[in-house]
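Below: one structure, written as C-alpha cells.
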Amino acid sequence: MVTCLTRHPEYSEETAADFNEIAQTIFFPIYPVIAHQILKKTDIDSGLCLDVGSGPGHLAIALATLSNLTVFAMDNAEPMCRIAEANVAKYRLEQRVRPVSGDVQKIPFGNASMNLVVSRGSFFFWDNLSKGFAECMRVLKPGGRACIGGGFGNARLREEIVIRMRERDPSWEEKRCDRYARCNPHIIRSALAAAGIFEYDLVDDDTGYWISFGKY
Ligand code: SAM
C-alpha cells in the first residue's frame, strides 16, 4: 500500500467554514484559471465530470460555468458537502453541479461513468494513493481523462496567495511544503504503478503539481 502521510483530520463544521472563507476570498481567482487549464488540456467540454475532494465546490462551479459539463462535487467530509450545496445554490447551478458525499477509496459511481475526473488539493490527504488513482481510472469512460493535483494556476496568483496566507497563518507555507514533500514525484509514480497506471503526465511547474492520465 502506498500511503500519503499527511492524513487530514476530517473537516468539522468550523474548519470547513474556515476553508470556505479562504476559498471564496484569497483562493477565489485560482478556480476559473485552473478550470480553464483543465478544459484546454483535456479538450473535454461536455458529459459528466467528477471533482474528487471538491471541498466547498469552487472548482466544480468554475468547470460548470466554463463548459457544458455536469459536475459531481464529491467530498468525504459532510460539512464540506453542505457548504458546497449552499454555494451551488448561490450560483443557481443546481442542475449542473451536484454535491455528493463519497470517498475516493470507494467512489460511489459505476465503472466507465465519467468523461472527466478532476481533483485539486485533495490527494495529499488520501489514505491510500494507489487505491485513489485506481478508483479515478475505474470511473473514467474510454476516452475520458483525469487531472489530479494541486496548486494555484500560475506564478502571479501563487505569489499573491503565499503573501496573504503567510499573514493569516505563519506556518501555512511550511505545512504546504511538507505536504508536497510527503507526496513527492517518487511516491506518486510508485502509487500510479501500483494502480496499474503507466501512461501519465506529471508536471510540477507554475500551474502547480498535476498528474494527468486517460483511459483508452
Ligand atoms: N478541492 C477543493 C479546493 O481546491 O478548494 C478543496 C481542497 S481541500 C484542501 C481538500 C479536500 O479533500 C477536503 O474537502 C477534504 O475533505 C477532501 N478529501 C480528503 N480526503 C478525501 C477522500 N479520501 N475522499 C474524498 N475527499 C477527500
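Keep in mind the model is a prediction, meaning the values are calculated, not measured. In listed order, ligands and their atoms are each counted from 1. Side-chain atoms are counted along with the backbone in the values below, which use heavy atoms only and exclude waters and symmetry mates.
Residue pairs meeting the ring-ring contact (aromatic ring centres under 6.0 Å, His included) criterion with at least one partner in residues 45-86, sequence neighbours excluded, are Y31-H58, F72-F109.
Contact annotation: for S54 versus ligand 1, heavy atoms closer than 4.0 Å belong to the backbone alone. Of the heavy atoms in R120, both backbone and side-chain atoms come closer than 4.0 Å to ligand 1.
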Report task. Please assess S130 against N128 for the test side-chain hydrogen bond (donor to acceptor under 3.5 Å, both in side chains), listing each intermediate value before the final yes or no. Result -> CA-CA 6 Å; S130 56; N128 183 330; 3.0 Å; yes

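Scanning for salt bridge (charged side-chain N to carboxylate O under 4.0 Å, His left out) contacts around D18 gives R168, with sequence neighbours left out.
Counting only distance, with no hydrogens or angles, the side chain of R120 and the backbone of G150 share no donor-acceptor pair below 3.5 Å. K215 contributes no side-chain N or O that, together with a main-chain N or O of A146, makes up a donor-acceptor pair within less than 3.5 Å. Using modelled atom types, no side-chain atom of E199 and backbone atom of F213 make a donor-acceptor pair closer than 3.5 Å.
The shortest N or O to N or O distance between M80 and ligand 1 is not below 3.5 Å. Backbone and side-chain nitrogen or oxygen atoms of Q105 are examined, and none is located within less than 3.5 angstrom of a nitrogen or oxygen of ligand 1. In terms of N/O distances under 3.5 Å, ligand 1 is not approached by A23. The shortest N or O to N or O distance between Y31 and ligand 1 is under 3.5 Å. Here's the thing with Y11: none of its N/O atoms is less than 3.5 angstrom from an N/O atom of ligand 1.
The existence of a salt bridge linking E173 and R166 is confirmed by a sub-4.0 Å separation between a basic side-chain nitrogen and an acidic carboxylate oxygen. Ion pair R156/E160 flagged as a salt bridge, since at least one NZ, NE, NH1 or NH2 atom sits closer than 4.0 Å to an Asp/Glu carboxylate oxygen.
Residue D103 holds the heavy atom nearest to atom 23 (N) of ligand 1 of all those in N20, V118, N128, D103. Of the options G53, S122, A84, the smallest heavy-atom separation from atom 19 (C) of ligand 1 is shown by S122. Nearest residue to atom 14 (O) of ligand 1 from I34, D75, D51 is D75 (criterion: closest heavy atom).
Residue contact annotation: F19 has a non-hydrogen atom under 4.0 Å from ligand 1. Residue-ligand proximity: G57 is placed with every non-hydrogen atom at 4.0 Å or more from ligand 1.
Interface atoms of ligand 1 facing G55, defined by a heavy-atom separation under 4.0 Å, are 6 (C), 14 (O). Listed by atom number, the atoms of ligand 1 under 4.0 Å from A77 heavy atoms are 16 (O).
No side-chain N or O of N154 forms a donor-acceptor pair with one of D206 less than 3.5 Å apart.
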